[in-house]
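What follows is a single structure, written as structure tokens, with notes after it.
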Amino acid sequence: MPGSMPHQIVSPRAFFDIDVGRREGDILGHFHGRAIYEQIRDRAGVRFAFFGLAPVLPDGRVDTAAIGPDQGLVDGTLLYVRQGRSRTA
């Protein structure tokens with residue numbers, strides 16, 4: 001159709017990915033060769049604490065409908081929950 005913009009397909013999981021600025025605290029363990037940190041901060045300074053592994057559907061995709069409003073994903077499978085507000089500059 002003339003004048004229309006091309007469509008871009010975006011994975012729903014991408015809306016839950018946390019843009020990690022720094023990893024903090026102890027390493028709780030490893031999952032698929034990656035360290036699980038006790039806490040992380042996103043690039044805005046918001047702190048998140050490790051909550052568990054992301055819920056997965058039978059076909060192996062992350063169940064984004066089961067992720068809560070204050071939760072996000074790190075490395076695609078690690079679920080973290082928000083801890084407080086962002087830091088002020």
Exercise for review: Tell me, please, which residues at least two apart from Arg61 pass side-chain hydrogen bond (donor to acceptor under 3.5 Å, both in side chains).
Suggested key: Asp59
Review point. Can you tell me how far the CG atom of Leu28 sits from the CD1 atom of Ile36, to the nearest 0.5 Å?
Key: 7.0 Å
Revision key, fill the gap. So the salt bridge (Lys or Arg N to Asp or Glu O under 4.0 Å) pairs with at least one residue in residues 25-40 (sequence neighbours excluded) are Arg34-Asp75
Study note, to complete from the structure: Of all heavy-atom pairs linking Ile27 and His30, the shortest is CG2-CE1, 4.0 Å
Study note, to complete from the structure: Taken to the nearest 0.5 Å, the spacing of Arg47 CZ from Arg41 CZ works out to 5.5 Å
Point to revise | 4.5 Å side-chain heavy-atom contact, Leu78 and Phe31 | key: yes
Check your understanding: Is there a side-chain contact between Ile18 and Leu73 (heavy atoms, below 4.5 Å)?
Key -> no
**Study point:** Close side-chain approach of Asp70 and Gln83, heavy atoms under 4.5 Å
**Key:** no
**Study point:** Test log, rule side chain to side chain contact (heavy atoms under 4.5 Å, CB included), inputs Arg23 and Val74
**Key:** CA-CA 11 Å; Arg23 298 167 195 268; Val74 173; 3.7 Å; yes
Review point. Can you tell which of Val62, Ile67, Leu53 makes a side-chain contact (heavy atoms from CB on, under 4.5 Å) with Leu79?
Key: Ile67
Practice item. Could you note down all residue pairs passing ring-ring contact (aromatic ring centres under 6.0 Å, His included) where residues 55-81 supplies at least one of them, sequence neighbours left out? Key: Phe50-Tyr80
Check your understanding: Can you tell me how far CD1 of Ile40 sits from CD of Glu24, rounded to the nearest 0.5 angstrom?
Key -> 8.5 Å
Review point. About how many Å separate CZ of Phe51 and CZ of Arg82, when rounded to the nearest 0.5 Å?
Key: 16.0 Å
